[in-house]
Every structure is written in structure tokens, then in C-alpha cells.
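If you scroll down you'll find the structure; I have some questions about it.
Below, chain A is the first sequence line, B the second, and so on; all start at residue 1.
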Amino acid sequence: GLSPNTESLHLIVFYTTGSGKTTQVPQYLYEAGVGRQGIIAVTQPRRVAAISLAARVSEEKTTKLGSLVGYTVRFEDITCNETKIKFLTDGMLLREAIGDPLLRRYSVAVLDEAHERTVHTDVLFGVVKAAQRKRRELNKAPLKVIIMSATMDVDLFSEYFNRAPVLYLEGRQHPIQIFYTKSSQSDYLHAALVSIFQIHQEAPASHDILVFLTGQEEIEAMSRTCREISKQLPSDSAAMWVIPLYASLPHLQQLRVFQAAHKGCRKVILSTNIAETSITIPGIKYVVDSGMVKAKRYNPESGLEVLAVQRISKAQAWQRAGRAGREDRGLCYRLYTEEEFEKLLDMTVPEIQRCNLASVVLQLLALRVPNILTFDFMSKPSPGAVRAAVEQLHLLGAVERQDNQIHLTLLGKKMSAFPLEPRLSKTILLSQDFHCTEEILTIVSLLSVDSVLYSPPAKREEVQAARTKYTSSEGDHITLLNIYRAFKNVSGHKEWCRENFVNSRNMNMVSEVRHQLRNICGKLGMRFESSRSDTGNIRRCLAHSMFLTTAELQLDGTYVTLDSRQLVAIHPSSVLFHCKPACVLYNELVHTSRRYMRDLCLVDPEWLYEAAPEYFRRKLKGGKG
DNA sequence: GAGCACTGC
């Protein structure tokens with residue numbers, strides 16, 4: 001078993017599912033007395049996992065949750081002075097590290113689900129490694145580090161952690177039979193449909209099927225097709241209950257996947273990769289794997305993030321297959337050939353190599369990492385991506401260069417206090433100068449969560465009629481502000497949300513985020529002023545902080561971005577869609593059939609000059625200069 | 001004249 005008294009400071013634990021390691025490992029450590037010198041931290045990529053694991057371990061120790069065993073996630077801290085085993089999200093431990101890079105309160109850091117390689121986990125690898133070294137140098141109590149991973153890239157992990165010893169835990173995974181297609185499939189949707197109905201004809205109705213597809217639209221279309229076909233089957237065939245599953249689905253509808261089907265009826269779940277890790281559905285006998293996933297890619301040269309359908313990795317394929325063998329032996333139909341499988345990447349490219357690094361770099365600087373460019377990442381992001389991030393932070397005034405070193409400015413230090421993208425933190429800090437902090441807090445909160453508006457295509461006219469009351473000719477930011485105010489005026493009433501096609505779950509999230517951001521402002525000693533009906537100030541403030549994402553109207557009626565002169569268009573969801581404003585800022589670019597600007601605000605080009613004179617002398621043609 | 005994988009501070 002485990003020997004937590006080992007002299008070695010690192011341990012890598014590899015496991016297969018069903019080994020119960022996440023609940024057991026912290027308890028072994030505690031019983032071995034590791035908790036006497038400090039708290040045992042156990043990180044998870046997801047909130048729900050941190051919360052439910054804390055509850056389970058607390059129950060196993062027959063203690064009250066929040067005493068010996070507790071958890072800390074955003075908006076919630078269920079710990080006390082006696083807490084010795086603390087579950088937290090990896091992002092939360094990273095936040096704590098900014099205040100204390102040596103992680104002094106902790107005797108052990110257990111980083112769980114390391115194979116998922118989230119940005120936060122990857123940064124934490126470097127943070128705990130550095131904390132460990134510094135504690136040794138300063139002759140402080142050692143920090144033990146345990147990495148737990150479900151995949152077999154032993155070498156990468158062990159090499160990074162100075163050839164740490166590796167422990168294997170065998171789980172109770174049931175065998176899974178894998179089937180490949182004989183020939184390559186050009187249409188995975190058609191192949192999925194054929195597979196579903198083939199299984200449906202042959203297997204007992206009690207055998208549930210889980211199908212991995214790529215996105216909401218595809219899943220909804222496939223659900224309709226399956227329902228139609230199943231109705232036309234001969235009367236002696238079993239009925240079919242088709243359940244779509246994706247993250248933006250209302251919570252109650254997501255819960256349907258846990259209900260048992262009626263006797264003689266087959267459950268077919270059509271899911272995105274949410275069912276790979278986030279939602280574990282019991283009783284799955286068959287997995288149908290399209291081999292595809294929708295995932296983000298980042299191009300540092302253009303600064304563009306693109307969401308694209310692409311092939312999964314071998315690790316993902318095994319993860320998907322594993323969803324069939326949780327209670328009994330299972331079967332997995334891969335809608336691709338064995339040769340195609342062999343050509344897949346072994347591991348999914350870590351997120352840190354596929355995203356904009358502005359937040360990460362700001363966080364590392366706040367952690368007082370001496371040199372960003374030589375930071376000890378397990379998988380280094382490209383130098384181009386790091387440079388692009390530093391450049392972006394430089395333009396925002398968050399960093400300055402001195403003797404070839406990069407330092408955080410006072411502004412940058414304040415920015416790092418907010419759990420936001422740097423440009424949004426900057427907006428909040430600037431709002432003081434424009435006397436509109438209350439309004440900007442609302443707008444930033446709205447921009448930092450998933451869309452609060454939903455627009456069912458079938459009810460287009462109703463949606464538009466409901467929206468006009470709140471629509472501002474100044475753009476989406478002010479429109480969203482109006483909607484938030486209306487939401488608050490009716491105290492977040494559910495009926496009002498339904499009538500106005502507002503997602504109340506996301507809107508409540510906005511309230512929580514706003515509350516948190518406002519507290520941080522208070523700690524920074526900011527004043528809370530309201531611009532009331534003066535929206536000009538608000539837009540001026542946005543122009544001063546988001547000048548990097550702006551576009552101007554050209555003579556031919558199209559738009560080009562001011563930073564890299566890319567051709568862009570106004571997204572049809574914008575209130576400015578029918579308008580042709582001369583100059584706008586936008587919150588994000590989405591690359592689909594075209595490059596669309598989403599969430600726009602009308603601005604005066606002169607404000608952009610004021611915000612960054614040198615920058616725009618080079619960039620802006622046409623206007624004054 | 002369109003469309004949104006998934007997390008998280």
C-alpha cells in the first residue's frame with residue numbers, strides 16, 4: 001500500500017477507474033500523521049467533484065462536513081481552523097498561492113485528475129515544484145506532492161518531478177469489447193445512426209447506449225431523427241427514449257440521464273464530451289464513439305481562438321470506452337477503423353498549449369515567478385504565445401520591461417486580484433476615472449459568464465418583441481445592463497425570466513460574480529460611484545480598456561479590426577446587427593462561417609486615441625491623426 | 001443575414 005512516510009517528496013499515483021483512490025489517499029495520509037504539520041490539500045478540476053468528495057470523506061470519518069474534512073471552491077468556503085483534509089478546485093489553490101507562493105499552510109498537495117491537464121493543473125505543477133524547492137532552501141517543513149493520474153504517460157510526469165517513484169492502483173474496471181469499422185466513414189453522423197439502430201434491434205432493451213457527438217445542434221438534430229425512426233419501427237421492437245445531453249441544457253433536463261427507462265424501453269443518450277468526465281451515467285452497456293470532438297485551438301499570430309470539430313486523442317477514446325464498463329462488462333463501437341485509431345495522438349494537447357495566455361502570465365507574475373519565459377512548465381507553451389500574452393499585458397499597462405526583465409506594474413498587481421481576464425479587470429479599475437464603477441461591475445460580470453440570453457429559433461418574433469424594451473442603440477453592453485437592472489427590479493423573478501427569454505441560472509451567477517468583484521474592489525479601496533443615466537461615461541470607460549478589440553466601418557460597408565486589420569462582421573445576435581456604426585468595440589471574435597464580433601459597443605474613435613495615442617497613431621486610418 | 005466543446009478563479 002501507500003507509505004506516506006517515505007523520504008521522497010514526490011509520488012506519482014497511476015490508477016484505473018474504480019480504485020477509490022481519491023477518497024482513500026487523503027485518509028491514509030491523515031492517519032499516517034501527515035496532517036499534523038499542516039493541511040492536506042486535494043485539488044480537483046471541477047467544483048462538484050471537490051464538494052461531493054469532501055462530503056464522502058467527511059462521512060467516512062464520521063465527522064461533520066466543514067470540521068476535520070472541508071472544501072473551498074469559488075463563492076463557498078466550508079472549512080474551519082480544525083480542518084486537516086481540504087478539497088479544493090485547482091483554480092482555488094492557485095488563487096491561494098498568489099497570497100502565499102510557499103503554500104505554508106499545507107503539508108501535502110495532492111493534485112488529482114492530473115491527466116486532464118487543465119490550465120490550472122499545469123500551472124500548479126510548476127507552483128508546487130517551486131514551493132517545494134524554496135521550502136527546502138529555507139529549511140522549512142517539506143511540502144509533499146502527490147500527483148494522481150488515470151492515463152499512462154508515466155515518463156512525462158515522473159521525469160518532470162525529478163524521477164518520482166510511481167505507484168499503480170488497480171481498479172475494478174470491467175472488460176470492454178472494442179469494435180472498429182471495417183472501412184473509413186465519411187459521415188460519422190450517418191454511421192452513428194446505423195450503429196444505434198443496429199444495437200437497438202439486437203440487444204435487450206435494458207441495455208443503455210451512450211453516443212459521443214460534438215455539439216448541441218448536431219445532438220438535437222440526431223435526437224429528432226432517432227425519435228422519428230424509432231416510431232416507424234415494427235410494433236414488436238422496443239420503444240426508445242432519446243435523451244440529449246450537453247452543458248448549456250437546463251439542469252433539470254440534464255438530470256433526466258439518471259432516470260431509469262420504463263421496462264421494455266431503451267435509453268439512448270446523445271452527449272457531448274460532458275459525459276467523458278463531468279457527468280458519469282450509471283448502467284451504460286454500449287458506447288458509440290464518433291471519434292470527433294469540438295475543441296478550442298489558438299493561433300498566437302492572429303490572436304484568434306477557433307472552436308473546431310477535430311479528431312479525439314487515443315486517451316480520449318479510452319476514456320469514452322471506459323464509460324461502458326462501470327458496473328458490468330461493456331461494448332464500445334468506434335466509428336472509425338483500427339488504422340485510424342492508431343494514427344490518433346496519444347494524449348490530448350494540454351489546454352495550456354491551446355489558449356490565450358494573458359491570464360496565466362499575469363498570474364505567474366503575481367506569484368513572483370522570476371522569469372516567465374523560462375518557467376518550468378511540464379509542457380511548454382510556444383514562445384510566440386507567451387510573447388503575445390506579454391505584449392497584450394504591456395498594452396494594458398499591467399507589465400513593464402526593465403533590464404530585459406518583465407515586472408508587474410501597480411495596476412497589474414491590482415488586476416491580478418480579480419478572477420477575470422486581464423482586460424476585464426482593467427475595465428473595473430479604470431471605471432473609477434469615469435465615475436461608473438457600479439455599472440461597469442454589472443457589465444463585466446455579465447461578460448464573464450455564459451450568455452444570460454437565450455433565443456429559441458422557433459420563437460424568434462416573441463424573443464425580439466421581449467427584447468425591444470431593453471434594447472439600446474448604443475450596443476449590447478448597455479442593453480445587457482438594462483436587462484440586469486430589470487432583473488433586479490423584479491428580484492430575479494422566474495416568471496419574468498421566462499417571459500423575457502433570460503436564463504435565470506446564468507443571471508443568478510452574474511449576481512454572485514458581481515458580489516465577489518465588488519468585495520475585491522472594496523479591499524482595493526475603490527469608491528463605488530454610479531453614472532446613473534449617463535451611458536456616455538460607461539462607453540468611454542469601455543473604450544479605454546478594450547481598445548485592443550475594436551473595428552471600423554469601411555467604405556464598402558464591411559468592418560476591419562483595428563489591431564490586425566482582419567475582415568470581420570457584426571454577429572446577428574447583436575442589437576447593432578442592422579446598424580452600421582462607424583466604430584465599435586467588441587467583447588469577442590467567433591470564427592464560424594465568417595469572423596463575427598460578438599457583444600458590441602458603439603464608441604467614438606477619439607476616445608480610442610485618448611486611451612492609447614501611440615498605438616492608434618499607427619493603427620487608425622481615416623480619423624484624425 | 002447566424003449559431004454556442006468543456007471547465008474555472
Side-chain angles (χ1 to χ4, degrees), chain A residues 43-50 72-77 88-99 113 116-124 212-221 245-249 271-279 290 292-297 305-310 312 316 319 348 351-352 354-355 359-360 362-363 366 415-422 424-425 445 448-451 453-457 460 463 503 506 509 512-513 516-517 519-520 557 569-574 576-579 588-599:
Chain A
T43 70
Q44 293 292 318
R46 282 170 292 280
R47 289 168 56 96
V48 275
T72 308
V73 296
R74 191 179 186 183
F75 309 133
E76 237 184 317
D77 181 10
L88 19 54
T89 46
D90 44 19
M92 202 68 211
L93 187 59
L94 209 52
R95 262 291 125 202
E96 286 189 9
I98 291 178
E113 311 286 355
E116 289 191 28
R117 304 296 302 275
T118 67
V119 175
H120 289 155
T121 314
D122 265 35
V123 177
L124 269 181
F212 283 100
L213 300 171
T214 69
Q216 171 177 348
E217 206 177 88
E218 186 176 283
I219 285 167
E220 289 296 347
L245 179 63
Y246 43 87
S248 62
L249 212 58
S271 173
T272 61
N273 47 344
I274 193 171
E276 250 173 48
T277 49
S278 305
I279 297 181
S290 65
M292 306 303 274
V293 68
K294 205 180 275 189
K296 197 182 277 177
R297 286 187 202 155
E305 288 182 330
V306 181
L307 200 59
V309 173
Q310 49 199 297
I312 59 173
Q316 268 178 299
Q319 178 71 24
T348 310
E351 198 186 353
I352 199 143
R354 315 183 262 121
C355 69
S359 301
V360 171
L362 185 69
Q363 218 154 19
M415 280 163 68
S416 71
F418 292 94
L420 292 169
E421 287 171 55
L424 294 179
S425 317
S445 304
S448 76
V449 307
D450 288 337
S451 176
L453 307 178
Y454 66 90
S455 310
R460 229 171 77 176
V463 172
N503 181 324
N506 291 350
M509 178 76 173
E512 272 190 296
V513 170
Q516 185 189 28
L517 299 179
N519 278 342
I520 295 169
I570 298 178
H571 196 278
S573 67
S574 172
L576 296 179
F577 183 56
H578 292 286
C579 315
E588 61 173 349
L589 273 187
V590 290
H591 194 159
T592 51
S593 56
R594 300 163 75 177
R595 280 174 187 157
Y596 286 105
M597 301 179 278
R598 215 157 43 179
D599 292 322

Q | Chi angles and distances behind the salt bridge (Lys or Arg N to Asp or Glu O under 4.0 Å) call for A:E217, A:K294 | A | CA-CA 12 Å; A:E217 206 177 88; A:K294 205 180 275 189; over 6 Å; no
Q: May I ask you to say what A:R598 touches in the nucleic acid, namely base, sugar-phosphate or nothing, with a heavy-atom cut-off under 4.0 Å?
A: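 Base, at least one base heavy atom under 4.0 Å.
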Q: Taking side chain to side chain donor-acceptor pair (under 3.5 Å) as the test, write out the residues that go with A:R95, two or more places apart.
A: none
Q.
By the 4.0 Å heavy-atom rule, please label A:R74 as base, sugar-phosphate, or nothing.
A. base
Q: Answer with base, sugar-phosphate or nothing: what part of the nucleic acid does A:T118 contact at a heavy-atom distance below 4.0 Å?
A: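 Nothing: the residue A:T118, judged by heavy atoms under 4.0 Å, touches no strand.
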Q | Those residues that, when tested against A:T121, pass side chain to side chain donor-acceptor pair (under 3.5 Å) (two or more places apart) | A |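 If we apply the side chain to side chain donor-acceptor pair (under 3.5 Å) test to A:T121, skipping adjacent residues, the hits are A:D90, A:T118.
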Q) Which part of the nucleic acid does A:Y596 contact within heavy-atom distance under 4.0 Å: base, sugar-phosphate only, or nothing? A)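 Sugar-phosphate: the residue A:Y596, judged by heavy atoms under 4.0 Å, touches backbone atoms but no base.
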Q.
A:V360 and side chain to side chain contact (heavy atoms under 4.5 Å, CB included): which single residue from A:L94, A:D122, A:V123 fits?
A. A:V123
Q) Starting at the 5' end of DNA chain B, which residue's closest nucleotide do you reach first, A:R460 or A:Q363? A)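 Going by which nucleotide is closer to the 5' end, it is A:R460.
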**Q.** Residue met sooner reading DNA chain B from 5', once A:F577 and A:H591 are mapped to nucleotides
**A.** A:F577
Q.
Please give me the minimum heavy-atom distance between A:A50 and A:V73, naming the atom from each residue.
A.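 Distance-wise, the nearest heavy atoms are CB-CG1, 4.0 Å.
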(Q) Students often get this wrong, so: under 4.0 angstrom with heavy atoms, is A:I274 touching a base, only sugar-phosphate, or nothing? (A)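 Result for A:I274 = sugar-phosphate.
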Q | Start and end of the DNA chain B segment that chain A contacts, any atom under 4.0 Å from a heavy atom | A |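 So the outermost contacting nucleotides come out as B:dG1 to B:dC9.
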Q. At their closest point, which heavy atom of A:E421 faces which heavy atom of A:S359, and how far apart are they?
A.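 For A:E421 and A:S359, the tightest heavy-atom pair comes out as CA-OG, 3.9 Å.
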Q: Give A:V73 one of three labels, base, sugar-phosphate or nothing, depending on what nucleic acid heavy atoms sit under 4.0 Å from its own.
A: sugar-phosphate
